[in-house]
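I have placed the structure first, in the form of structure tokens, so that the comments after it can refer back to it.
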Amino acid sequence: MRAGAVAVAPMLIGIIPFGLIAGATPVTHGLGGAAAIGLSTIVFAGASQLAATDVLAHGGSVVVAVLAACTINLRMLLYSASIAPHLADEPLPRRLAAAYLLTDQAYAVSIIRWSSGRDRGRKLPYFLGAGLLLWAVWQASTIVGVLVGAAVPADVPLDFAVPLVFLVLLVPTLTSRPAVIAAAVGGGAAVVAAEAGAGPLYVIVGALSGIAAGAVAEALEDRGRP
């Protein structure tokens, strides 16, 4: 658990301002601090929380807000499928607890470590160490955002922390040519889809495009090996 917390600690530099945004945004849009804290506790997914907040702030229904949040969070299905074999021996209650704590950061540090052959025994404690530290810092950042977010000047670019968080996750995984191709194609497709007006679906477009490109690149690479 300590090793998982240590691995994810550098990413808190981006998580803290992201949490401040998640706390301040519902308040500035008139939804109140309780909504901000509730979203951080129940949803625990920054991009989905902001999407739901945006829908509700502009008069959208709760159903549309939930659909928007779930669409953005569909990437968790991919994460879950990826880590499931590593946690297959754990009892169901523990796997459900891990599901609640599943985030981009906890997934990234865990799958990199497990794929390297480390933690051949029980792997869940490492994941929980990363996930629990992220959860605690996220909740604290949200509360601070609720309390002082409105006092932050509008020209302070807190929003810039969001892409930085994901870049920190991406770079360590670019260890092969297929991975680089998948990242480039997926990122490019997501940008094109967003500019074309795909809305929250740009995440899914980018993910599917990256997966397809990476799979093709890996197949071609394997075919070229003796």
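If you read the sequence from its start, that first residue is 1, and numbering goes on from there.
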ILVMFWY network linking V8 to I112, side-chain heavy atoms under 4.5 angstrom: yes

Evaluate L67 against V55 for side chain to side chain contact (heavy atoms under 4.5 Å, CB included), listing each step before the verdict. CA-CA 10 Å; L67 288 175; V55 171; over 6 Å; no

Considering all heavy atoms of both residues, which atom of S48 and which atom of V43 are nearest to each other, and what is their separation? CB-CG1, 4.2 Å

As a quick check of understanding, evaluate side chain to side chain contact (heavy atoms under 4.5 Å, CB included) for L102 and I83, giving each step before the final call. CA-CA 10 Å; L102 182 59; I83 68 173; 4.0 Å; yes

Looking at every non-hydrogen atom in both residues, tell me the closest pair between A36 and T142 and how far apart they are. O-CG2, 3.8 Å

If you take all heavy atoms of V205 and A189, which pair is closest and at what distance? CG1-O, 4.0 Å

What heavy-atom pair brings A47 and F18 nearest, and what distance separates the two atoms? N-CZ, 3.7 Å

With rounding to the nearest 0.5 angstrom, report the CD to OG1 distance, Q139 to T41. 4.5 Å

To the nearest 0.5 Å, atom CG of L133 lies from atom CE of M11 at 11.5 Å

When clusters are formed by joining ILVMFWY residues with side-chain heavy atoms under 4.5 Å apart, either directly or through shared neighbours, do V62 and L31 land in the same one? yes

d(L132 CG, F127 CZ) to nearest 0.5 Å is 9.0 Å

Treating Q49 as the side-chain partner and A45 as the backbone partner, does any N or O pair qualify as donor plus acceptor under 3.5 Å? yes

Of all heavy-atom pairs between A130 and V109, which one has the smallest distance, and what is that distance? CB-CG2, 3.9 Å

Quick one: does T103's side chain get under 4.5 Å of Y79's, heavy atoms only? no

May I ask you to say whether E90 pairs ionically with R122, meaning some side-chain N is under 4.0 Å from a carboxylate O? yes

Quick one: do L128 and R94 satisfy side chain to side chain contact (heavy atoms under 4.5 Å, CB included)? Show the steps, please. CA-CA 10 Å; L128 291 178; R94 293 178 182 174; over 6 Å; no

Within a strict 4.5 Å, meaning less than it, do heavy atoms of the I211 and L78 side chains meet? yes

Give a yes or no answer on whether the side chain of T28 reaches the backbone of T25 with a donor-acceptor pair at less than 3.5 Å. yes

Any link between V64 and L50 through a network of hydrophobic side chains (Ile, Leu, Val, Met, Phe, Trp, Tyr) touching at under 4.5 Å? no

Apply side chain to side chain contact (heavy atoms under 4.5 Å, CB included) to the pair L101 and L134, showing each step before the final yes or no. CA-CA 8 Å; L101 293 172; L134 286 166; over 6 Å; no

What are the two closest heavy atoms between I111 and S82, and how far apart are they? CD1-OG, 3.6 Å

Report yes if some heavy atom in the side chain of E195 is under 4.5 Å from a heavy atom in the side chain of V192; otherwise report no. no

Hey, any chance L12 and V6 share a hydrophobic cluster, counting ILVMFWY side chains that come within less than 4.5 Å of each other, even indirectly? no

Tell me whether S80 contacts the main-chain N or O of M76 through its side chain, where contact means a donor paired with an acceptor under 3.5 Å. no

Return the CH2 to CZ distance between W135 and F44, rounded to the nearest 0.5 Å. 8.0 Å

Nearest 0.5 Å please: distance from the CG atom of L39 over to the CG atom of L56. 8.0 Å

Trace of the side chain to side chain donor-acceptor pair (under 3.5 Å) decision for W114 with Y126: CA-CA 10 Å; W114 297 342; Y126 183 87; over 6 Å; no

Using the rule that Ile, Leu, Val, Met, Phe, Trp and Tyr join whenever any side-chain heavy atoms are under 4.5 Å apart, tell me whether I143 and V27 fall into a single cluster. yes

What distance do H29 atom NE2 and D54 atom CG have between them, rounded to the nearest 0.5 Å? 6.0 Å

